[in-house]
Amino acid sequence: MQYRLIKTEPYKYSWEKFVKEKKTFWDGVRNYQARNNLQAMKKWDICLWYHSNEWKEIIGTAKVVKEAYQDPTTDDDRWVAVDLVPEKQLNKPVTLEQIKQEKNLQEMTLLKQQRLSVAPVTKEEYNRIISLGMS
DNA sequence: GCCAACGTTGGC
DNA sequence: GCCAACGTTGGC
């Protein structure tokens, strides 16, 4: 089981819309590092769902239900997509501000590489976020 | 809306 | 293969 963090801009594709639709495919990644992270995803891996821009918070988690396949939005075979379904919503979103203040979360890729749209997350970081979000 | 950080492109 | 120029992202 692996954990990752994926970013969306809420006005493009929000958590609310995701929950309503019950499923989405994660496409449009045009960055090699993010692509590599996408390709490494396995079925049932968990992704933290992060809203960038004005929200700046982790709001819920998603489960991978289909591993990387050719991105349907492009003919370019360098890019891939995965299918996700909502797993759980946090009682209380974990904000970027909180993450910055958490001693144990300083090493998160989210903080180190702000532009990466699909980032790895360790089990410890994941557990920490969930306990913050569920408290 | 600005700008820093960083990824990508293309000329050499 | 290097690196300057350029474009995009995302926090503020």
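Residue numbering restarts at 1 for every chain, and letters A, B, ... go by the order of the sequence lines.
Of the residues in residues 110-122 of chain A, A:Gln114, A:Arg115 come within less than 4.0 Å of DNA chain C through at least one heavy atom, sorted by number.
Atoms CD1 and NZ, on A:Ile58 and A:Lys92 in that order, are 13.5 Å from each other to the nearest 0.5 Å.
For the side-chain contact (heavy atoms from CB on, under 4.5 Å) test with A:His51, the passing option among A:Tyr13, A:Tyr11, A:Trp15 is A:Trp15; the others fail.
Straight-line distance from the CH2 atom of A:Trp55 to the C1' atom of C:dG10: 14 Å, rounded to whole Å. For the pair A:Gln101 CD and C:dG11 C1', the computed distance is 15 Å after rounding to whole Å. Counting to the nearest Å, the C1' atom of C:dG11 and the CD atom of A:Gln98 are 17 Å from each other. As rounded to whole Å, 17 Å separates atom P of B:dA5 from atom CD of A:Gln33. Straight-line distance from the CG atom of A:Asn53 to the P atom of B:dC2: 16 Å, rounded to whole Å. Remark: P of C:dT8 and OH of A:Tyr32 are 16 Å apart, rounded to the nearest angstrom. If you take CG of A:Asp76 and C1' of B:dT8, they are 14 Å apart, rounded to a whole angstrom. Here the P atom of nucleotide C:dG10 and the NZ atom of A:Lys100 are 14 Å apart, to the nearest Å.
Nearest-nucleotide positions on DNA chain C place A:Lys12 closer to the 5' end than the other of A:Lys12 and A:Glu97.
Here A:Trp79 and A:Tyr32 bring their ring centres to under 6.0 angstrom of each other.
The phosphate of C:dG10 (OP1 or OP2) has a side-chain N or O of A:Lys7 nearer than 4.0 angstrom. Residue A:Tyr50 places at least one side-chain N or O closer than 4.0 Å to OP1 or OP2 of C:dG11.
The local environment of CG in A:Asp75 is sparse, with at most 12 non-hydrogen atoms from other residues, nucleotides or ligands closer than 6.0 Å.
In the hydrophobic cluster analysis, where Ile, Leu, Val, Met, Phe, Trp and Tyr join through side-chain heavy atoms closer than 4.5 angstrom, A:Val94 is grouped together with A:Ile46.
Panel note: side chain A:Ser131, backbone A:Arg128; a donor-acceptor pair is recorded below 3.5 Å.
Cation-pi geometry between A:Lys66 and A:Tyr69 is met: under 6.0 angstrom from the ring centre, within 45 degrees of the axis.
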